[in-house]
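Counting convention: from 1, in listed order, for ligands and their atoms alike. Note that these values count all heavy atoms, side chains included, but never hydrogens, waters or copies made by symmetry.
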Amino acid sequence: MSTSLGGLLSLLDASGLRRLVDRDARLVAMISVDDVHRAARLRLPRPVYEFVAGGAETESSVRRNRSAWGAMTFRPHTLVDVADRDLSTTVLGRPVAMPLLLAPAGLARLVHPDGELAAAAAAGEAGTVMALSTGSSCTIEDVAAAASGPLWFQLYLWRDRDVVAGLVQRAAASGYHALCLTVDVPIVGQRERDLRNGMTIPPRLTVRNLLDASWRVPWWKGFLGGREVTFENFLGVEGAQNDSAAALGAFVNKQMIDPSVTWDELPWLRELWPGPLVVKGILTAEDARRAVDGGAEGVVVSNHGGRQLDGAPATAAVLAEVVDAIGDRAEVYVDGGIRRGTDVVRALAIGARAAMVGRPWFWGLAAGGEAGVARVLEIFRTEIDRTLALLGVSRVAELDRSFLG
Ligand SMILES: Cc1cc2nc3c(=O)[nH]c(=O)nc-3n(C[C@H](O)[C@H](O)[C@H](O)COP(=O)(O)O)c2cc1C
């Protein structure tokens, strides 16, 4: 009996099937972020998967983000001593082990019950920064307790400035290093996949998604066993617990987001926040200058992962313009379609201090919780390291535009 069981196990092992049940082996077998993405897609119910993967309207900016990085070729230097390589850098004065940060993305507990806590722990373990979304599904305080690395807190300028001031004070009291003001949401972009799917927050077990759920048992087990997924930083704010994507969008548009905000408000925030200030959602030299003139120490070149203005340019295409405008006065970060270490190195060669990723850490979280996010960061780390070696570069500070074709 035991011989036949042993035989069966070694057969499973030999065929690689054992990986399906051993989480760590399963994660190690994912050798690229695309592999992790595929695993997450299999695990998540369709409405949840599409909430993360989707973009605004025709999703042209989602596609453009990705293809623009891929189109950039390298000019490698050969026969350079690259035996000793170093990926570390600084981000707003804080040392980090690699030039890749986790971008703010809300409602992480939709994809895994450990949500933002797991991502913060994995980022700290990898020696890098996590930016926590205002719309997070874990509180500012709980994430600070779970993190061991530097944190940014992402903010919108809501209509009620007392709510904003309260969030800023909580982030300061919890030891967040930087405040990141997102400026590309004067209203919420139209995410058509969510509307078509009747996406609700939290997702509901309906007859339609029961069929889909039947072979996504681990996700539903985690989801139904955990506490309700909601905007934890806004518990008690009337209307914030609306459940359908349409109702929530309307609530956010009408009650929360203030489309009348202008650059004149930046000095108010600058006064309120004692640490470094970063403005996220910049796509032009003009806006980059306004942000820095208003007191920002950094900007994130971003089109919100193609989730806001459909037709926005690829971030890879406008990064140089922003670096040239303010690179001598502030740090420039970039996100959107970064899926490979080569993309990070391209961004650094243009002049970014570091790159950020949104969906990739959600895929890691969905595929394996904290270990999944750690796997994504490890894939990026090894890819960045390999790219530097093959380019003839030992340190990230050596990169410049002469390495791009
Ligand atoms: C599910 C999801 C939620 C997001 N939530 C926020 C948010 O609350 N605040 C924000 O500034 N950006 C948010 N973003 C945008 C990300 O910060 C980032 O700009 C984008 O994901 C980068 O593109 P990438 O996903 O291709 O890496 C979100 C993105 C995703 C995918």
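Using a 4.0 Å cut-off between charged nitrogen and carboxylate oxygen, Glu265 and Arg161 count as a salt-bridge pair.
Within the structure, side chain to side chain donor-acceptor pair (under 3.5 Å) pairs that include any residue of residues 347-359 comprise Thr90-Arg353 (at least two apart or interchain). Applying the ring-ring contact (aromatic ring centres under 6.0 Å, His included) test to every pair with at least one member in residues 295-319, sequence neighbours left out, gives no pairs at all.
When each of Val357, Asp343, Val129, Val376 is checked for a side chain to side chain contact (heavy atoms under 4.5 Å, CB included) with Leu100, only Val357 meets the rule.
Not a single donor-acceptor pair under 3.5 Å links the side chain of Gln154 to the backbone N or O of Ala131.
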Could you pull out all donor-acceptor pairs under 3.5 Å where a side-chain atom in residues 101-111 meets a protein atom, sequence neighbours excluded?
| residue | atom | partner | partner atom | Å |
| --- | --- | --- | --- | --- |
| Arg109 | NE | Ser137 | O | 2.9 |
| Arg109 | NH1 | Arg227 | O | 2.9 |
| Arg109 | NH2 | Ser137 | O | 3.2 |
| Arg109 | NH2 | Glu228 | O | 3.0 |
| Arg109 | NH2 | Glu232 | OE2 | 3.2 |

Dump all N/O pairs between ligand 1 and the protein below 3.5 Å as a table: atom names plus distance, one pair per row.
| residue | atom | partner | partner atom | Å |
| --- | --- | --- | --- | --- |
| ligand 1 | 5 (N) | Gly106 | N | 3.1 |
| ligand 1 | 8 (O) | Ser133 | OG | 2.7 |
| ligand 1 | 9 (N) | Gln154 | OE1 | 3.2 |
| ligand 1 | 9 (N) | Tyr156 | OH | 3.0 |
| ligand 1 | 11 (O) | Thr182 | OG1 | 2.7 |
| ligand 1 | 11 (O) | Lys280 | NZ | 2.9 |
| ligand 1 | 12 (N) | Pro104 | O | 3.2 |
| ligand 1 | 12 (N) | Lys280 | NZ | 3.0 |
| ligand 1 | 12 (N) | His304 | NE2 | 3.3 |
| ligand 1 | 14 (N) | Pro104 | O | 3.2 |
| ligand 1 | 17 (O) | Pro104 | O | 2.6 |
| ligand 1 | 17 (O) | Lys280 | NZ | 3.0 |
| ligand 1 | 19 (O) | Lys280 | NZ | 3.1 |
| ligand 1 | 19 (O) | Ser302 | OG | 3.3 |
| ligand 1 | 19 (O) | Asp335 | OD1 | 3.4 |
| ligand 1 | 19 (O) | Asp335 | OD2 | 2.7 |
| ligand 1 | 25 (O) | Arg359 | N | 2.9 |
| ligand 1 | 25 (O) | Arg359 | NH1 | 3.0 |
| ligand 1 | 26 (O) | Gly337 | N | 2.9 |
| ligand 1 | 26 (O) | Arg339 | NH1 | 3.3 |
| ligand 1 | 26 (O) | Arg339 | NH2 | 2.7 |
| ligand 1 | 26 (O) | Arg359 | NH1 | 3.2 |
| ligand 1 | 27 (O) | Arg339 | NH1 | 3.3 |
| ligand 1 | 27 (O) | Gly358 | N | 2.9 |

